[in-house]
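Labels below follow one simple rule: chain letters A, B, ... track the order of the sequence lines, proteins then strands, and each chain is numbered from 1.
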Amino acid sequence: MSDSPAVEIDFFRLNEEASSKKLSPRRNIQDVISKINPELLKSAFANNGFVANKLSYASHPHLQTLPVYNQECSRVNTAATATPLTIIYNGVVSVFDVSPNQADNIMKLVDAVNPVSKTSGEPVAVKNENNQTPVIAGGISKDLPLSRKKSLKRFLEKRKERKESISPYASLH
Amino acid sequence: MIHSSYTQRWTSSSMSDVVFECVIPYINNSRDRQSVSLVCRRWYEVEAQTRKHVMIALCYAATPAQLSRRFPYLESIKLKGKPRAAMYNLIPEDWGGSVTSWVEEIARSFTCLKVVHFRRMIVTDEDLQVLARVRGHLLQVLKLDKCSGFSTDGLLHICRSCRNLNTLFLEESQVREKDGEWLHELALNNTVLETLNFYMTDLSQVDFKDLELLARKCKTLVSVKISDCEILDLVGFFQAAVSLEEFSGGCFNDQGEDYGAVSYPSSLCRLGLNYMSTNEMPIVFPFASRLKKLDLLYALLDTEDHCLLLSKCPNLEVLETRNVIGDRGMEVLAQYCKKLKRLRIERGDDEQEMEDEEGIVSQIGLTAISQGCQDLQYIAVYVSDITNAALESMGMHLKNLNDFRLVLLDREEVITDLPLDNGVRALLHGCQKLKRFALYLRPGGLTDLGLTYIGQNSQNIRWMLLGYLGESDEGLLGFSKGCPSLQKLEVRGCCFSEQALAIAVLHLRSLRYLWVQGYRGSSNGYDLLTMARPFWNIEIIPSRRVLVGEDKEVEHPAHILAYYSLAGPRTDFPPSVVLLNSVPFLDE
């Protein structure tokens, strides 16, 4: 893929679809930006160059540089006491850097409004201090035994049943 | 393509247009068509209008409307839903992959559609009813391949309305059975059936007399694979099915009866007789020399039986069986079955008494096969032991290999020769035609260097499964610098971090689909977003406890599923799936 295509041809008419389905990202961003912690926003824009670098792996040069949350950015600029707070709501994962006080307040709010529930669509706020296991941690190898193919598993079960029904006391073979 | 009016002046571009339009119908390879469509707008349009078949490897990669807008005259569609891991009971049943929106589009737009193939998807009776009503008259092929969600009522709609059906394929689908009416309707209404397959379904209320009727009416019936049905009841069927070449299924229930009296069609050359044991095996001997394909996956033969039977099959091209075949059986194959092209050796029972104690396959069998069956194109094998030399031998002799899958069973504590770095490198280096590759070992089975070798030596490989390979993120990063053609990657049981996985994805330039189970999560679960980019969906199935049996619970580690999509993030995900978006605080 070339680095700077001269013309963008919308073969798949995605822009039409995107605009009919949801608000164009630019308009919506304004609403959202006003609700974000100004410290975070400042840091994101200040490090715009850094963000662009991170995204340079993808070969989409006309990508809009939206203020993508960036762990490195937050470490550089925000207060030393801020820790990540992960919120899962309606199937979307969001991470915010907040001070412990703010985190406590948010947790209290959530508890007051809704009981904490992992399986429903309710908001689940989990405070992550330093090295606590994350909400969506991957498991490490030892939990993964070889799993059997469905069709074969079924056959082996059936074979056992047959053996037991024909000669339940006989030794095998 | 007929042009009714030409201008007097033929420019060179209109000349090439005409030529191109005459040529394009002969181009059937999807990759070629893909290249052709990128040349210019005109070629894109002509290609789109003449495309006959599309396979969408993950149904969430595009919307039905997008498909019909680009390819309005499709005659054949194949869609896949659940990740391949679903075949191993690893994916929640409600994960997704419903065909409803696709069937609606088929009813609305695809007026030329003759062939429908849904694989690992959820199909309802209503979907089948719509399909039957709107496209029933045209439909020639319907394949509900490892699907679920429908009942025999849905099949009834199809069998009543689709009189031009030449293929009805239901293999391994979970069908709610109410009765055997659907088969009866099929037998009444159809005279052109060539392939009937309800193998590995639990459909037990089908009447063998309907099978017989079908065989009598459909002179071109070539392939029949059924569920468990007593072989002695099929005598009439076998007599009527004069063109039959392929048969699988049935079972042998009656211990005392003479199964040798059953006569099989003279053109039968692809066979799979379930629950066939040592006693019944001789019925195959009279026509064993004709056999091109043998399915012994669900037979009850031991190692000695395999040796005896296979020595009588010099024309065998395809063999599927369990590892009860043993190294000895592999040696027999190598000696007698020189035309072997496809070999699949599945994992038998773990319980000692249930399988022959000789029933293990190791480097001995593999080496024999590599030397004896040099036409081999596909090999999938569960081994109990392995060496570098065996892999080197395969690399040296199996020049036609395009699909290699090896799983090292976890029962033996000590393996003869690990790590397999050199053997794997030699195998990949020698088998230049490899397009699919799966290697599933154990910790210590392949070092980071070995994993890097894989990356360096897989020019043409499009799909890979890596199981318990490598030692650290270094290995994955080394691997990801190679594999230029890798489109689909599955990773299980490896020790890679989210960050390394994300970076690897960004390096693998052809990658469009990633599935991972078992990885090192980051402290905030967010490192995966390193691979965030437009059109790239990232989904997670968090770790969950799954009920196994009556009261035992098993922990299933988290999965990552990431793929390119023109359709945006999924909107139909169940509670067990979590979506990660690149900009998480934008409203959906």
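Residue contact with chain A, scored on non-hydrogen atoms closer than 4.5 Å, involves the side chain of R322(B) exclusively. Within the 4.5 angstrom heavy-atom criterion, only side-chain atoms of V407(B), from C-beta onward, approach chain A. Heavy-atom distances place no part of A62(B) under 4.5 Å from chain A, backbone and side chain included. With a 4.5 Å cut-off on non-hydrogen atoms, K160(A) touches chain B through its backbone and its side chain both. Looking at L409(B), both its backbone and its side chain come within 4.5 Å of chain A, counting heavy atoms on both sides. Using a 4.5 Å cut-off between heavy atoms, A502(B) does not touch chain A at all. Of the atoms belonging to L408(B), it is backbone heavy atoms, and not side-chain ones, that fall under 4.5 Å from chain A. Contact of D228(B) with chain A is made through the side chain alone, with heavy-atom distances under 4.5 Å. Proximity to chain A is limited to the side chain of Q174(B), based on heavy atoms less than 4.5 angstrom apart.
Counting heavy atoms from C-beta outward, L579(B) and N537(B) have side chains that stay 4.5 Å or more apart. A 4.5 Å side-chain heavy-atom check between L300(B) and F252(B) finds every atom pair outside the cut-off.
For the 3.5 Å distance criterion, the side chains of D410(B) and Y468(B) fail to qualify, holding no donor opposite an acceptor. Counted by atom type alone, N253(B) and R162(A) present one or more donor-acceptor pairs between their side chains at under 3.5 Å.
Ring geometry, Y298(B) versus F155(A): the interplanar angle exceeds 60°, so the pair is classed perpendicular (tilted spans 30 to 60°).
L528(B) contributes atom CG, which lies 9.0 Å from atom CD of Q499(B) (distance to the nearest 0.5 angstrom).
Interface check for chain A: of the options R347(B), M87(B), M200(B), the most heavy-atom pairs under 4.5 Å are formed by R347(B).
Using a 4.0 Å cut-off between a side-chain N of Lys or Arg and a carboxylate O of Asp or Glu, R120(B) and E172(B) do not qualify as a salt bridge.
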